[in-house]
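Before any comments, here is the structure.
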Amino acid sequence: MKQFQFDYKNDESLVESLKKIKQWCQSSVVSNVLFQIYTESLDKEKLQNICDIIKKEMPDALYMGGSTNGNIIMGDKSREPISIVCTVYEYASTRIKVLQYPLDAEKALDVAIDLNKNVRSNPWVKSVMTFTTMRGMSMTEYCEELGMLPKHVVFCGGGVFSRDINDNAAVVFSSEGPISDHAAVFLLTGGDDYYVQALHVTGWKPLGRQLLVSKAKGATLYELDGKPAYETYFKYLDIKNDDDFFFNTLEFPFLYELNGMDILRAPIASGEDGSLTMTADIAENVNARIAYGDPQTILQSVYDAAESFADFIPETFTVFSCAGRRTFWGDDEIGNETEPFQSLAPTSGFYTSGEFLRTGDYVNQHNVTLVVEAQREGDIKGKKVPDVSASKAEFSGKVSMIKRLATFIQAATEELEQANKNLEMMAITDGLTGLYNRTEIQHRISVCAREHSFGAHGRTKTGVSLVMMDIDDFKSVNDNYGHKEGDMVLKGLSKMLLDIVTEYAPDASIGRWGGEEFMVLLPTSDIEQATNIAEMIRVKFNEIEFKLAGRRTISLGVTEMIAGENSDLACMRVDDALYQGKRTGKNKVVQE
């Protein structure tokens with residue numbers, strides 16, 4: 001695999017570059033030639049002219065291109081508006097194919113379905129790379145369908161953009177379709193001697209407490225913790241809703257878990273209602289945190305990613321980097337992110353409106369993220385593993401003050417969250433047994449009763465049962481052996497209850513009703529099933545040998561709740577069943 005990277009300056013220089021490529025191809029073994037055209041210019045006439053020149057000079061070559069927020073060649077941001085990358089494949093087994101589809105919100109799912117069919121009909125495919133228009137579109141269903149691609153296929157790519165970050169105009173084009181502002185281009189690559197790896201890098205780290213995305217639709221985030229989403233930025237970061245809102249929030253995007261991985265979403269605008277317009281869809285009812293961007297932390301993540309590719313011995317890298325990262329760094333320093341990859345192999349790509357990467361069974365749409373694909377032809381046997389640029393040494397052993405402060409804040413936040421969780425558990429659990437206390441188990445019984453109150457008539461059973469139990473002659477344990485042994489008996493019963501109920505009714509709730517009385521709520525067990533469980537509890541408890549108290553017995557009452565009845569009535573009924581067992585000899589199970 002050989003790659004030529006150059007900027008377009010004029011037609012004459014383009015023709016000269018193409019002649020040099022042709023000359024190299026004539027002296028080498030070549031199977032395919034691909035041109036990738038990255039353009040900050042939206043001048044369709046100029047772009048079509050470039051395509052026509054390539055077709056004229058190298059008619060067998062394929063090409064694909066898209067508009068960008070900046071071009072990457074030779075591991076740095078190009079200073080020119082149009083850049084061209086030519087990849088020459090040298091192995092006869094390597095195959096490439098370019099597809100172009102019209103794309104809008106209505107067609108997105110159909111495009112993904114057809115692409116899936118196309119890939120499956122070409123089993124040689126190992127990689128699918130896309131340049132796609134996407135601004136203002138929901139890509140959720142599109143990504144879900146792309147996740148159905150064969151598991152061995154790498155999928156990555158980027159959303160095309162424009163030089164003006166506030167402009168929705170963008171185009172893609174290819175040797176298989178026209179210059180279009182509503183389309184997706186796909187490059188299919190594979191073959192026995194073609195190898196590919198891909199990963200993503202964020203470098204942004206979570207900061208502060210979790211916030212619930214309580215209301216969101218598509219790319220609009222309305223509420224966090226039930227409050228207008230903008231308030232979070234104003235309250236915690238003093239970021240005002242003015243012309244600098246986007247630039248001020250870039251350092252602090254939201255981070256949340258999607259499909260088992262951390263995803264970043266950056267707000268690009270705030271509405272008068274306090275809603276935030278995000279760079280892509282954000283899921284509802286997920287926990288998110290504000291993330292922070294620290295240059296040293298980000299660069300360390302980038303170098304770590306580059307090092308992970310070293311053993312692959314790549315021949316080229318294609319990079320899709322969010323335009324937000326370019327804005328974060330500025331043009332003078334953005335090359336710091338791509339230089340480590342360039343130190344391993346020729347690196348090119350563009351600054352995007354969003355990034356795509358398949359991880360496991362999911363294709364995720366990323367933001368504020370660096371997606372990198374490494375390609376190679378041929379075996380690596382006998383080849384030397386390259387070293388990542390030595391400039392990494394600048395960061396070794398250093399920890400920025402921002403990172404130290406963020407680590408402190410995060411640790412303090414986690415301790416506070418854990419303390420709050422502990423307090424919440426203390427409020428609903430019994431201190432001795434660890435089971436729910438009476439208030440909590442009563443609450444759960446009431447909730448079950450309400451859930452089965454609709455359509456109630458007659459004595460319709462609900463399939464929800466209660467089991468109430470009392471340790472027989474428990475007072476004698478305390479009187480004869482002391483309260484410490486009494487506590488051991490209570491704990492022994494509690495542990496045995498948890499073991500049995502977890503195995504036979506994992507959806508049940510167990511509570512200490514008071515003293516030596518316990519209650520079990522079985523939300524999916526009728527009275528016969530509940531009676532069987534109660535009998536197991538009775539038998540198993542009698543098998544426990546306590547150090548001083550020896551073997552003890554329990555009496556149990558069982559009842560099934562009736563649709564529409566007050567929960568207090570069900571509790572009274574099961575209590576009556578229990579005490580009927582007490583009055584008639586103890587150590588038994590009684591139904592009511």
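None of these values were measured; they are calculated from a predicted model. Heavy atoms only: backbone and side chains are in, while hydrogens, waters and symmetry mates are out.
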Original post:
Would you say the side-chain atoms of Arg265 pair up with the backbone N or O of Asp281, donor to acceptor, closer than 3.5 Å?
Top reply: yes
Subject >> Other residues, nucleotides, ligands: >12 heavy atoms within 6.0 Å of Lys540 NZ >> reply: no
Original post:
Just by modelled atom types, is the Ser525 backbone N or O under 3.5 Å from a matching donor or acceptor in the Ser465 side chain?
Top reply: yes
**OP:** Could you tell me which residues satisfy side-chain hydrogen bond (donor to acceptor under 3.5 Å, both in side chains) with Thr559, sequence neighbours excluded, listed by chain and number?
**Re:** Arg573
Original post:
Just by modelled atom types, is the Arg551 backbone N or O under 3.5 Å from a matching donor or acceptor in the Asn542 side chain?
Top reply: no
Subject >> Distance-only polar pair, side chains of Asp470 and Ser555, donor-acceptor under 3.5 Å >> reply: no
Subject >> Thr202 versus Ile298, closest heavy-atom pair with distance >> reply: O-CG2, 4.2 Å
**OP:** Mind listing the closest non-hydrogen atom pair of Ala534 and Leu556 along with its distance?
**Re:** O-CD2, 3.8 Å
Original post:
Do other residues, nucleotides or ligands put more than 12 heavy atoms under 6.0 Å from the NZ atom of Lys582?
Top reply: yes
**OP:** Quick one: pull up CD in Glu223 and OG in Ser214 and give me the separation to the nearest 0.5 Å.
**Re:** 4.5 Å
Original post:
So, the side chain of Thr369 versus the backbone of Asn367: is there a donor-acceptor pair under 3.5 Å, distance only?
Top reply: yes
Original post:
Quick one: CD1 on Ile533 to OH on Tyr504, what's the gap to the nearest 0.5 Å?
Top reply: 9.5 Å
**OP:** May I ask you to decide if Val302's main-chain N or O and Glu337's side chain share a donor-acceptor pair within less than 3.5 Å?
**Re:** no
Original post:
Just one of Tyr256, Phe328, Phe252 clears the ring pair (Phe, Tyr, Trp, His ring centres under 6.0 Å) bar with Trp204, so which one?
Top reply: Phe328
Subject >> Glu485 side chain vs Leu548 backbone, donor-acceptor pair below 3.5 Å >> reply: yes
Subject >> Met261, CE atom: more than 12 neighbouring heavy atoms under 6.0 Å >> reply: yes
**OP:** Please say whether more than 12 non-hydrogen atoms of neighbouring residues, nucleotides or ligands are located less than 6.0 Å from CE in Met536.
**Re:** yes
Original post:
Is a donor on one side and an acceptor on the other found under 3.5 Å between the side chain of Thr297 and the backbone of Gly293?
Top reply: no
Original post:
What closest approach, in Å, do Arg325 and Val201 show between heavy atoms, and which atom pair accounts for it?
Top reply: NH1-O, 3.5 Å
Original post:
Ring centres of Phe254 and Tyr233 under 6.0 Å apart?
Top reply: yes
**OP:** Decide salt bridge (charged side-chain N to carboxylate O under 4.0 Å, His left out) for Asp430 and Arg512; before the verdict, give the C-alpha distance in whole Å, the side-chain angles of both, and the deciding distance to 0.1 Å.
**Re:** CA-CA 7 Å; Asp430 173 61; Arg512 185 179 179 188; 3.4 Å; yes
Original post:
Going by distance alone, is a donor N or O of one side chain under 3.5 Å from an acceptor N or O of the other, for Arg444 and Ser509?
Top reply: yes
**OP:** Report the C-alpha distance between His366 and Ile263 in whole Å, list the side-chain angles of each, state the deciding distance to 0.1 Å, and finish with yes or no for side chain to side chain contact (heavy atoms under 4.5 Å, CB included).
**Re:** CA-CA 6 Å; His366 294 269; Ile263 300 289; 3.5 Å; yes
**OP:** Measure from the side-chain N and O atoms of Thr502 to the backbone N and O of Asp499, and report whether any donor-acceptor pair falls under 3.5 Å.
**Re:** no
Original post:
Okay, side chain of Asp526, backbone of Glu528: is any donor-acceptor separation there less than 3.5 Å?
Top reply: yes
**OP:** Using the six-membered ring wherever Trp is involved, compare the ring planes of Tyr230 and Phe245 and label them parallel, tilted or perpendicular (cut-offs 30° and 60°).
**Re:** tilted
Subject >> Nearest heavy atoms of Glu535 and Arg538, plus distance in Å >> reply: OE2-NH2, 2.5 Å
Subject >> Heavy atoms from other residues, nucleotides or ligands near CD of Glu545 exceed 12 (cutoff 6.0 Å) >> reply: yes
**OP:** Check whether any side-chain N or O of Arg358 sits under 3.5 Å from a backbone N or O of Leu149 as a donor-acceptor pair, and report yes or no.
**Re:** yes
